[in-house]
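Any value given below was found using the heavy atoms of this structure, including those in side chains, with hydrogens, waters and symmetry copies removed. Please read these numbers as outputs of a predicted model, since none were measured by experiment. Below, chain A is the first sequence line, B the second, and so on; all start at residue 1.
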Protein chains: 2
Amino acid sequence: MQLFYAPDALDNNVLDQTNSQHCIKVLRKKIGDVVHLVDGKGNFFEVELKNEHPKKCEFNILSQRKESARNRRVHIAVAPTKNNNRIEWFVEKAVEIGVDEISFIKTNNSERKHFSVDRVEKIAISAMKQSLKATLPILNPLVDFETFLSENQKNDAEKFVAHLHVDSTDLTKHSDATNCIILIGPEGDFSDQEVQQAVEQNFHMVSLGNSRLRTETAALVACTLLNANE
Amino acid sequence: MQLFYAPDALDNNVLDQTNSQHCIKVLRKKIGDVVHLVDGKGNFFEVELKNEHPKKCEFNILSQRKESARNRRVHIAVAPTKNNNRIEWFVEKAVEIGVDEISFIKTNNSERKHFSVDRVEKIAISAMKQSLKATLPILNPLVDFETFLSENQKNDAEKFVAHLHVDSTDLTKHSDATNCIILIGPEGDFSDQEVQQAVEQNFHMVSLGNSRLRTETAALVACTLLNANE
């Protein structure tokens with residue numbers, strides 16, 4: 001099924017330029033044709049095209065339904081990889097598997113100091129449509145590790161920091177949290193000081209298994225395990 | 001840590017051309033330098049270079065240790081994706097996370113009729129070294145789905161077929177198997193007939209969650225869950 005993305009579908013019955021063009025020019029849809037939209041806010045729509053405008057195609061909503069609620073809220077905070085493809089790949093796969101919020105963090109050992117959320121948002125939209133979901137995860141711009149911790153100080157989610165340490169428990173042992181945040185370090189891992197700061201802010205040290213994983217793999221393993229343990 | 005790959009290290013104390021060149025020309029290692037090798041068969045070696053030959057660099061083994069045994073044997077049989085990058089990505093990530101054998105299968109809805117294992121073997125070797133493992137998974141060439149089933153008829157592994165079906169149980173419920181095979185379908189999914197054939201050969205229908213996953217994502221989710229439920 002082909003899904004179009006119309007973030008303001010409830011307020012404004014018109015497709016944006018990209019979606020209009022794809023609908024009218026590429027797929028050659030006609031007035032009266034029925035197509036399906038999502039708004040990235042959890043709503044699916046069945047709509048009828050009111051015109052064939054290639055830039056501002058209007059529609060009437062025929063029906064609407066809410067996406068099923070997820071059993072667990074998953075928020076992943078990850079240090080972007082040096083290689084852009086790797087973190088973009090993570091975003092695509094995480095959206096497919098299920099993620100509610102992704103934060104990008106700048107850590108002591110981060111090689112990336114700048115990161116554009118706009119690019120990954122396009123990837124997230126495409127993955128959402130491809131996997132027939134109606135909710136776009138919140139994508140937060142790059143912030144310092146300490147800023148992230150202080151911004152989430154009052155967040156009542158269960159908090160985890162992925163770290164290979166003798167005191168780390170297996171993430172799969174924490175299967176009762178309905179709302180969680182997990183921190184995933186950069187290629188050079190978190191510094192001891194950062195882990196300490198996280199622990200002081202009530203993050204539990206957790207292990208993702210025995211393998212040495214790349215940043216984006218660790219983030220995806222965490223995403224998979226947190227979705228499976230619902 | 002830099003690892004070199006020498007599949008015949010126990011019989012033949014010499015690096016192949018690629019590894020010799022990397023060791024001598026790129027990393028500029030000298031006679032007497034100590035480097036680390038894996039043989040892809042579960043052995044790590046500490047060796048001393050006997051010469052600086054850029055094509056056939058010889059070494060003496062100083063010490064050797066076995067990789068820790070895995071708690072569960074994981075064999076994933078997957079239909080290669082139309083886009084080569086996607087299946088190559090799966091192989092890289094599966095090796096990082098942990099996999100013992102990967103089979104490539106040609107199904108009714110497969111778009112790929114040919115598939116080169118040589119290319120993915122290079123990726124697997126690189127991922128093995130990068131994740132500091134010493135065992136290369138067995139990589140089997142593309143065979144017909146039916147051939148795969150008949151070849152594994154007497155395999156006493158716990159067998160699963162990933163399929164979205166009302167009778168499918170969650171893969172995470174099968175956490176006691178120490179040796180398992182899972183079948184992952186192509187972009188167009190397995191045909192009903194194929195699922196039926198698999199069920200007749202004692203494959204259990206399992207679900208990988210509620211999301212519609214691409215082939216390579218489904219294969220990686222299966223790999224992650226089978227590694228986590230040890």
Q) Which atoms of A/L220 come close to chain B, meaning under 4.5 Å heavy atom to heavy atom: side chain ones, backbone ones, both, or neither? A) side chain
(Q) Listing request: all side-chain hydrogen bond (donor to acceptor under 3.5 Å, both in side chains) pairs with a residue in residues 116-132 of chain A, at least two apart in sequence or in separate chains. (A) A/E88-A/R119
Q) Would you say the side-chain atoms of B/T135 and B/E67 include a donor-acceptor pair closer than 3.5 Å? A) yes
Q.
Please identify which of these residues, B/T107, B/N84, B/T81, B/N83, meets the side-chain hydrogen bond (donor to acceptor under 3.5 Å, both in side chains) condition with B/R112.
A. B/N84
Q) Taking non-hydrogen atoms and a cut-off under 4.5 angstrom, which of residues 184-196 of chain A neighbour chain B? A) none
Q.
Nearest 0.5 Å, please: how far is CG in B/N227 from CG in A/L208?
A. 12.0 Å
Q | Set of ring pair (Phe, Tyr, Trp, His ring centres under 6.0 Å) partners for A/F59, sequence neighbours left out | A | none
**Q.** Residues in ring pair (Phe, Tyr, Trp, His ring centres under 6.0 Å) contact with A/F44, at least two apart in sequence or another chain
**A.** none
